[in-house]
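Predicted model, so just to flag it, every value in this text is computed and none were measured. In what follows, every chain begins at residue 1, and chains take the letters A, B, ... in the order their sequences are listed.
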Number of protein chains: 2
Amino acid sequence: MKPHIRVVLADDHPVVRDGLAAMVNQQADMEVVAEAGDGDEAIAVYERHRPDVLVLDLRMPKRDGVAVVQRVLEINPKACILVMTTYDGDEDIFQCLSQGAKGYLLKDAPRQEILSAIRAVSEARPYTSSSVAAKALQRMGKPSLTQRELDVLQLVAQGRSNKDIARRLSITEGTAKTHVKAILTKLDAISRTEAVAVAHKRGLIHL
Amino acid sequence: MKPHIRVVLADDHPVVRDGLAAMVNQQADMEVVAEAGDGDEAIAVYERHRPDVLVLDLRMPKRDGVAVVQRVLEINPKACILVMTTYDGDEDIFQCLSQGAKGYLLKDAPRQEILSAIRAVSEARPYTSSSVAAKALQRMGKPSLTQRELDVLQLVAQGRSNKDIARRLSITEGTAKTHVKAILTKLDAISRTEAVAVAHKRGLIHL
DNA sequence: CCCGCGCTCCCTCTTAAGATAGAGGCGAGG
DNA sequence: CCTCGCCTCTATCTTAAGAGGGAGCGCGGG
C-alpha cells in the first residue's frame, strides 16, 4: 500500500472546493490536507503543508494561477502542481505548463479523469487532458505577441482609439498604429474588432 | 420538523455537482434526489422527480438556462428554480428572473448563502444575491437593444465589417450602419470595438 | 563584432467607420 | 384611426483605421 497522497486545493469557489474534497477524500489513497480561496492563500498554505499535489484554479483573486505556479516553484522546484480551469483556449495554460506545472485539467472533466490526473501528478508524471494537448499542437507555429503588443491589445479590447492608446502608453499615434498592425498580422485579422474576437477566443485577453 | 426539501442539481461540471450534493446532503432538512449534466437532461429529470427545488446552472450544453427555465415553468408554473452562474453581469439572469425563476446565485457564494437560498426558494420565497440586485438596479432605465440590434451586435463582435454584416442579414450597408449607430448610442460607446467591450461586460454577447 | 528583434518614429494613400439629417413602410395597441 | 416603435433605405461629410512603405536605436546572443 502506497502512502497517502496529500492534496491541497486552491479555488475561489467554495462549491468547487467541496466537490473536489468530496471526491478526493472518498479515495483510499489520497486526502485533502488544506484548502485556499485565493492566490496568496494558496502560496501560504502550500508552504505550511508541503503537500504532494497542489490542485490550482487558473483564475483566482489576488494572484492568478500563473503567478502562483511561479512562486510555488521558487519555493520548491519539485512541487507537483495540477492546474485546473473552466475554459480550454486559455493562453495562460501554456504559460503554466512551460513554467513547470505538471498537469492541466478542464473543470468539466469527469470524476475519473480528475482523480487519475491527481495520481499521475503525485508521482511527478505529467498529465495533460487531450483537448488541451490538441490546442497546444494547434498553437504551434503561430506567432506569439510581444509584451508591448499585449499592452496595446488590452487597450484595443477596451475600445480605445489609436490616439487614446498612444496617450496612455506615452507613444505617438503612429507607433500605436504600428503595434496594432503587427497585432492584426499575427492574429490574422482584418480589423481591430476581429482581432479582439480572435484574442478572446485564444484567451489572450480576459473580460 | 419540516419535510425534506427534495433538490435536483443541473450543472455540466461533475465537480460542481459533487460539491453541491455534498453540501446539501449534509443538511438534515434537504437531500439531492437527482442530477443532470445538460439542459435536456435537466428538463427530463425535473419532470420525472418533480423536486421542490431545481438548482440550475445558467450556461449548459444542449439547452441553456434560459430555455430550461422557460420549459420547466411550462410543465409546472409553480416550479421553484434557483439559477446559478459564475459571472455577475450576465444579461440572461434578468431574463430568467423575469420569466419566473425564484432565485439567483453566484457560484462563488459561500456555503451558507447557497443553503439559505435553497431554503428560501423551496418555500417559494424569492432569493437574489445582493450583488445581482445591485446590477438589476443599475440596469434599470438603461435602454435595451432590439432583436435586430442584437443580431447586428453579434456580428460586430465577430469582427465583421458593415458591408459584411449587410450581406449576411440581406440589408444594405446603410441600414447596417443605422443599426450600429443605434447600438453605439444605446450602449454609450464611441466605437464599435468599445461597444463590444460594453456588451461583453453586460453579458449581451458570449464568446 | 554584427545580426536579429523589439520598440520607436515618420511618410503617403485608400477605405471603412461614424456623425448628421432625413424619409417611407408596417404592425401593435390606444 | 392615428401614433409609436422598429426596420428599412437614402445622401453627404469628417475623421479614424488600415495598407504599404522606410528607418533609427538599444540590447542580447552567436
Legend entry - Presence of B:R192 side-chain N/O under 4.0 Å of C:dA16 phosphate oxygens OP1/OP2: no
Legend entry - Nucleotide C:dG6, atom P - distance to CG of A:L153 in whole Å: 16 Å
Legend entry - Qualifying salt bridge (charged side-chain N to carboxylate O under 4.0 Å, His left out) pairs, either residue in residues 166-177 of chain B, two or more places apart: B:D164-B:R167, B:D164-B:R168
Inset, instruction - Could you tell me which residues satisfy salt bridge (Lys or Arg N to Asp or Glu O under 4.0 Å) with A:E91, sequence neighbours excluded, listed by chain and number? - result: A:R139
Inset, instruction - Can you sort out the partners of A:S144 under side-chain hydrogen bond (donor to acceptor under 3.5 Å, both in side chains), two or more places apart, ordered by chain and number? - result: none
Legend entry - Qualifying salt bridge (charged side-chain N to carboxylate O under 4.0 Å, His left out) pairs, either residue in residues 52-74 of chain B, two or more places apart: B:D38-B:K62, B:D40-B:R63, B:D57-B:K107, B:R59-B:D90, B:R71-B:E74
Legend entry - Closest contact, heavy atoms only, A:P14 versus B:A109: CG-O, 3.5 Å
Inset, instruction - Tell me which residues in residues 174-190 of chain A put a heavy atom below 4.0 Å from DNA chain C, sorted by number, or none. - result: A:T175, A:T178, A:H179
Legend entry - Contact list for DNA chain D against residues 159-173 of chain A - heavy-atom distance below 4.0 Å: A:S161, A:N162, A:K163
Inset, instruction - Only counting residues at least two apart or in another chain, list the ones meeting side chain to side chain contact (heavy atoms under 4.5 Å, CB included) with A:E31. - result: A:H4, A:R6, A:N25, A:V33
Legend entry - Residues that B:A199 engages under side chain to side chain contact (heavy atoms under 4.5 Å, CB included), provided they are two or more places apart: B:L153, B:L187, B:L204, B:I205
Legend entry - Separation of atom CG in A:L150 from atom C1' in C:dG6, rounded to whole Å: 13 Å
Inset, instruction - Just jot down the salt bridge (Lys or Arg N to Asp or Glu O under 4.0 Å) partners of B:E194, sequence neighbours excluded, or say none. - result: none
Legend entry - Nucleotide C:dC5, atom C1' - distance to CD of A:E149 in whole Å: 11 Å
Inset, instruction - Can you tell me the distance, in whole Å, between the CG atom of B:L155 and the P atom of C:dA17? - result: 13 Å
Inset, instruction - Give the rounded distance in Å between these two atoms: CG of B:D151 and P of D:dC7. - result: 9 Å
Legend entry - Flag if over 12 foreign heavy atoms under 6.0 Å of CD1, A:I190: no
Legend entry - Difference in axis direction between the ends of the helix from C:dC1-D:dG30 to C:dG30-D:dC1, five pairs, 10°: 40°
Legend entry - Contacts of B:D188 that satisfy salt bridge (Lys or Arg N to Asp or Glu O under 4.0 Å) - sequence neighbours left out: none
Legend entry - Residue list, side-chain hydrogen bond (donor to acceptor under 3.5 Å, both in side chains) with B:R48, at least two apart or on another chain: none
